Amino acid sequence: MNELKQIYNKLLKAYGLQGWWPLVGHDGCNPTKTGSVNGYHPGDYSFPKDVGQRFEICVGAILTQNTGWPQVEKALVNLDKVCGISPNELLDIEEDKLKQAIKPAGYFNQKARKLKQFAEFYLELDGRIPLRDELLGVWGIGPETADSILLYAFSVPSFVVDAYTKRVLLGLGLIGDDAGYDDIKDLFESHIDKDFKIYQEYHALLVEHAKRFYSKKPYGVTDFLAGLSK
DNA sequence: AACCAGGACGTGA
DNA sequence: TCACGTCATGGT
């Protein structure tokens, strides 16, 4: 068994199933993740259950750029109140009202524009699953957001790499400081079975682990996984 | 009171 | 290609 699989097993044993992506309108959802916001559904991979939930995940992926989830949740609740979370409703709402609603998530000028443009793109899809390159062509969607949308909204096994992921792998000595986004993505995808459930859990587990051991400098000095590699 | 959060884009070299 | 500045609110 390769090292990345061992790390996955160890993280899973330590933290359990994470149940990403959290949903605000959690109908049919079982928010059992203790000590966290509602909307998680550990062990249930039948999400999103409808197009509404699918679009909400996309919106959340954009709103969470460089921002903590609790703030995104406030923005989503506001959005749901002032117009609703659907492509048409986001296109119809006046931009200033949109900015006001998503303000808690920060970068409201940019993110309001991003949401408008994504809503348009989403309608053009007409129910089809987008290609990664198509997502990257939308203004405001970079590699991490594209992969998050593919993995959590469309259940496509595209591994998500974020700042935490890089810190953990760097701390374990598995990559160099010069490793880029695609290098790290390819590393996971070449060593882990292309199963969207495993990719969803693995990314969420890395975030959970990083929040505990890699949130303040010096990063990773107390990482209990560090003994895995040398 | 800095520092950071589940980044992405625009610019100049 | 790449390093760097910008965007913005709210936690710790």
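In this text the structure is predicted, and so the values were computed from the model without any measurement. The figures that follow rest on heavy atoms only: side chains count, while hydrogens, waters and symmetry mates do not. Just so it is clear: chains get the letters A, B, ... in the order the sequence lines come, proteins before strands, and each one is counted from 1.
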* Asked: Given the P atoms of B:dT11 and C:dA8, what is the spacing between them in whole Å?
  -> 16 Å
* Asked: Partner of C:dG11 by Watson-Crick or G-U wobble geometry, both contacts under 3.5 Å, or none?
  -> none
* Asked: When you check the phosphate oxygens OP1 and OP2 of B:dG10, does a side-chain N or O of A:Trp139 lie under 4.0 Å from one of them?
  -> yes
* Asked: Do the side-chain N and O atoms of A:Ser155 and A:Lys197 include a donor-acceptor pair separated by under 3.5 angstrom?
  -> no
* Could you check if the base of B:dG12 is syn or anti? Syn means the glycosidic torsion is within 90 degrees of 0. => anti
* Partner of B:dC3 by Watson-Crick or G-U wobble geometry, both contacts under 3.5 Å, or none? -> none
* Please check if any side-chain donor atom of A:His203 sits under 3.5 Å from a side-chain acceptor atom of A:Asp147, or the reverse. => no
* Which is true for A:Lys216 with a 4.0 Å heavy-atom rule: it touches a base, it touches only sugar-phosphate, or it touches nothing? -> nothing
* Answer yes or no: is there a side-chain heavy-atom contact under 4.5 Å between A:Tyr199 and A:Ile192? => yes
* Determine: side-chain N/O of A:Thr145 to OP1/OP2 of B:dA8, distance under 4.0 Å, yes or no. => yes
* Validate the cation-pi geometry between A:Lys99 and A:Phe108: distance from NZ or CZ to the six-membered ring centre under 6.0 Å, angle to the ring axis within 45°. => no
* Asked: A:Tyr164 has an atom OH; how far is it from atom C1' of B:dA5, in whole Å?
  -> 6 Å
* Protein-nucleotide distance (A:Gln110, atom CD; C:dG5, atom P), rounded to Å -> 17 Å
* Roughly how many Å is it from NZ in A:Lys211 to P in C:dG11, rounded to a whole number? -> 14 Å
* May I ask you to test the A:Ile141-A:Ile149 pair for a side-chain heavy-atom distance under 4.5 Å? => yes
* To do: On the 0 to 90° scale, with breaks at 30° and 60°, tag the A:Tyr45-A:Phe196 ring pair as parallel, tilted or perpendicular.
  => perpendicular
* Structure fact -> The answer to which of A:Gly140 and A:Tyr214 contacts DNA chain B further toward the 5' end, by nearest nucleotide, is A:Tyr214
* Below 4.0 angstrom from OP1 or OP2 of C:dG10, is there any side-chain N or O of A:Lys74? -> no
* Asked: For C:dA8, does either OP1 or OP2 sit under 4.0 Å from a side-chain N or O belonging to A:Asn109?
  -> yes
* Distance between P atoms of C:dG5 and B:dC3 (Å, rounded) -> 15 Å
* Of the listed nucleotides B:dC4, B:dA8, C:dA8, the one nearest the side chain of A:Tyr219 -> B:dC4
* Measure from NZ on A:Lys217 to C1' on C:dT12 and round the result to the nearest Å. => 16 Å
* To do: Have a look at A:Glu144 and say if it touches a base, only the backbone sugar-phosphate, or nothing, with a 4.0 Å heavy-atom cut-off.
  => sugar-phosphate
* Whole-Å gap separating P (C:dC7) and NZ (A:Lys103) -> 15 Å
* Indicate, with a heavy-atom threshold strictly under 4.0 Å, whether A:Arg113 touches base, sugar-phosphate, or nothing. => nothing
* Can you check the A:Lys99 NZ to C:dT9 C1' distance for me, whole Å? -> 15 Å
* To do: Could you check how far CZ of A:Phe108 sits from C1' of B:dG7, rounded to whole Å?
  => 18 Å
* NA contact type, A:Ser148, heavy-atom cut-off 4.0 Å: base, sugar-phosphate, or nothing? -> nothing
* **Interatomic distance, A:Gln71 CD vs C:dT12 C1' [rounded to whole Å]** => 12 Å
